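Taking it in order: structure first as structure tokens, then the write-up.
Below, all heavy atoms of this structure are taken into account, side chains as well, without hydrogens, waters or symmetry copies. Computed from a predicted structure; not experimentally measured.
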Amino acid sequence: MLRGLRRRWDSYKYRFVPWLALNLRRKRRTLRYVPESSQDKIISDEDVFETLLKIFKALFINDFSRQAHILAFLPEIKDKYLELLTVEQKLSKVHSCNPLSQHVFSPEEVLFNTLGFMVSRDRSSLVSAGTGVFVTKGFVRKGTVVSMYPGTVYRKHEPIFFQSLGNPFIFRCIDGVLIDGNDKGLSRSVYRSCCRRDQLGPFQMSDESWLTAAPQNPLAVGQYVNNCSHEKAANVCYQEFDVPAYFPVELKQYLPNIVYSHDRESLLRCIVLVTLRDIKQGEELFSNYYTVVS
């Protein structure tokens with residue numbers, strides 16, 4: 001019995017905040033204190049915005065044949081995407097007289113074609129750490145958005161007690177905002193309920209597919225990035241990003257976050273993982289759970 005509990009503890013401790021708190025002294029040099037919200041960002045909000053815009057547009061164009069219901073409500077942007085689609089077809093040497101007929105890539109292939117790398121979940125190289133996230137193809141340069149942390153966003157006054165029980169995927173932002181990245185149980189049900197609540201006709205305000213084994217946003221695997229160890233130094237950092245109000249409505253279907261309480265006045269909080277150094281194919285991503293920049 002004790003041996004079984006030990007195995008569960010070894011698997012759980014990499015995401016267990018009290019365990020990290022007890023081990024702060026061992027990792028003192030890796031802690032980061034952020035005195036002001038505008039300081040200590042690895043990359044600018046503009047760079048984060050442009051990266052998300054680039055990959056989301058590529059995903060939208062790749063799935064263009066299934067976007068007709070959205071484009072019917074946005075005729076002013078249809079021509080723009082048709083032009084982009086034509087350029088993509090020429091670059092990929094796919095010729096068709098019908099602009100809606102195209103070769104469809106997997107989301108991972110779109111990520112590689114757009115940003116030059118793929119990331120995916122696999123068994124972690126850390127003993128008993130369970131699932132981890134790896135760069136499976138390509139090369140990631142320092143200062144690149146390599147992943148996103150999906151989940152329901154809770155402000156400080158909102159109820160999360162029952163969702164947090166036995167949940168190792170609760171992420172705390174510097175200002176106390178919490179993001180529940182669990183894709184199972186009550187957390188899963190809450191996220192799906194909020195997504196359907198906020199849907200505006202054909203427009204999805206967030207992405208539900210990260211709850212499945214085949215996410216349409218290939219970056220939405222950040223909740224499985226493990227904490228660094230003495231042997232495995234951190235190579236990515238969490239960075240807070242508030243989605244601006246002018247974010248294209250047709251691309252919100254790829255945002256893997258949703259607010260718990262519907263509030264049109266507040267911006268959606270997202271967490272992106274930014275590389276601290278160049279990362280090669282085959283390397284696992286490691287973060288420091290106390291290295292959060294805002």
Side-chain angles (χ1 to χ4, degrees), residues 14-15 17 20 27 30-32 34 40-56 59 107-108 111-112 114-122 124-126 129-151 153 168-174 177-183 207 210 215 217-229 232-243 254-257 268-294:
Y14 291 107
R15 295 190 177 93
V17 173
L20 290 169
K27 297 177 178 289
T30 64
L31 298 184
R32 175 167 296 184
V34 185
D40 209 25
K41 288 200 172 187
I42 304 301
I43 59 176
S44 68
D45 283 345
E46 290 76 16
D47 287 340
V48 174
F49 177 81
E50 289 301 324
T51 298
L52 297 184
L53 206 61
K54 187 176 182 180
I55 182 62
F56 289 1
L59 290 168
E108 292 77 17
L111 178 61
F112 178 75
T114 306
L115 300 183
F117 63 85
M118 288 185 187
V119 290
S120 64
R121 293 171 286 185
D122 204 345
S124 176
S125 59
L126 291 174
T131 302
V133 178
F134 293 80
V135 175
T136 52
K137 187 176 181 180
F139 176 80
V140 191
R141 294 193 178 278
K142 178 181 178 180
T144 298
V145 174
V146 72
S147 189
M148 301 181 72
Y149 198 101
V153 180
F169 296 103
I170 302 292
F171 184 98
R172 186 184 187 279
C173 298
I174 291 172
V177 168
L178 300 174
I179 299 180
D180 181 4
N182 194 358
D183 56 11
D207 174 27
W210 68 271
N217 175 0
L219 294 176
V221 293
Q223 78 276 34
Y224 285 104
V225 172
N226 280 301
N227 191 50
C228 62
S229 66
K232 306 282 188 177
N235 53 19
V236 297
C237 178
Y238 297 104
Q239 182 166 315
E240 299 174 10
F241 173 70
D242 289 334
V243 179
Y254 302 109
L255 290 170
N257 298 98
L268 177 65
R269 172 68 51 81
C270 288
I271 299 295
V272 296
L273 285 82
V274 181
T275 53
L276 296 171
R277 61 169 175 81
D278 294 346
I279 301 178
K280 300 177 182 178
Q281 179 175 319
E283 288 193 71
E284 183 174 358
L285 302 183
F286 293 105
S287 65
N288 186 295
Y289 287 2
Y290 277 86
T291 306
V292 185
V293 293
S294 173

* Asked: Do the charged groups of R269 and D242 touch, with an N to O distance under 4.0 Å?
  -> yes
* **Parallel, tilted or perpendicular: ring planes of Y238 versus Y149, cut at 30 and 60 degrees** => perpendicular
* Main-chain N/O of C228 paired to N235 side chain as donor or acceptor, under 3.5 Å -> no
* Got a donor-acceptor contact below 3.5 angstrom from the Q239 side chain to the V274 backbone? -> no
* So S147 and V236, side chain to side chain contact (heavy atoms under 4.5 Å, CB included) or not? Walk me through it. -> CA-CA 9 Å; S147 189; V236 297; over 6 Å; no
* Positive for side-chain contact (heavy atoms from CB on, under 4.5 Å) with E240, one of I174, I179, V177 -> I174
* Asked: According to the interplanar angle, ranging from 0 to 90°, do the rings of Y224 and F169 count as parallel (below 30°), tilted (30 to 60°) or perpendicular (above 60°)?
  -> perpendicular
* So, T275 side chain and R141 main chain: donor-acceptor pair closer than 3.5 Å or not? -> yes
* Asked: Can you check whether G138's main-chain N or O pairs, donor with acceptor, with Q281's side chain at less than 3.5 Å?
  -> yes
* **N226 side-chain N/O to T131 backbone N/O, donor-acceptor pair under 3.5 Å** => yes
* To do: State, with a plain yes or no, whether a side-chain heavy atom of M118 is found less than 4.5 Å away from one of P218.
  => no
* Just by modelled atom types, is the I170 backbone N or O under 3.5 Å from a matching donor or acceptor in the D180 side chain? -> no
* Test item: S124 side-chain N/O and L126 main-chain N/O as donor-acceptor pair under 3.5 Å -> yes
* Ignoring hydrogens and angles, tell me if any N or O in the side chain of D278 forms a donor-acceptor pair with the backbone of K142 under 3.5 Å. => yes
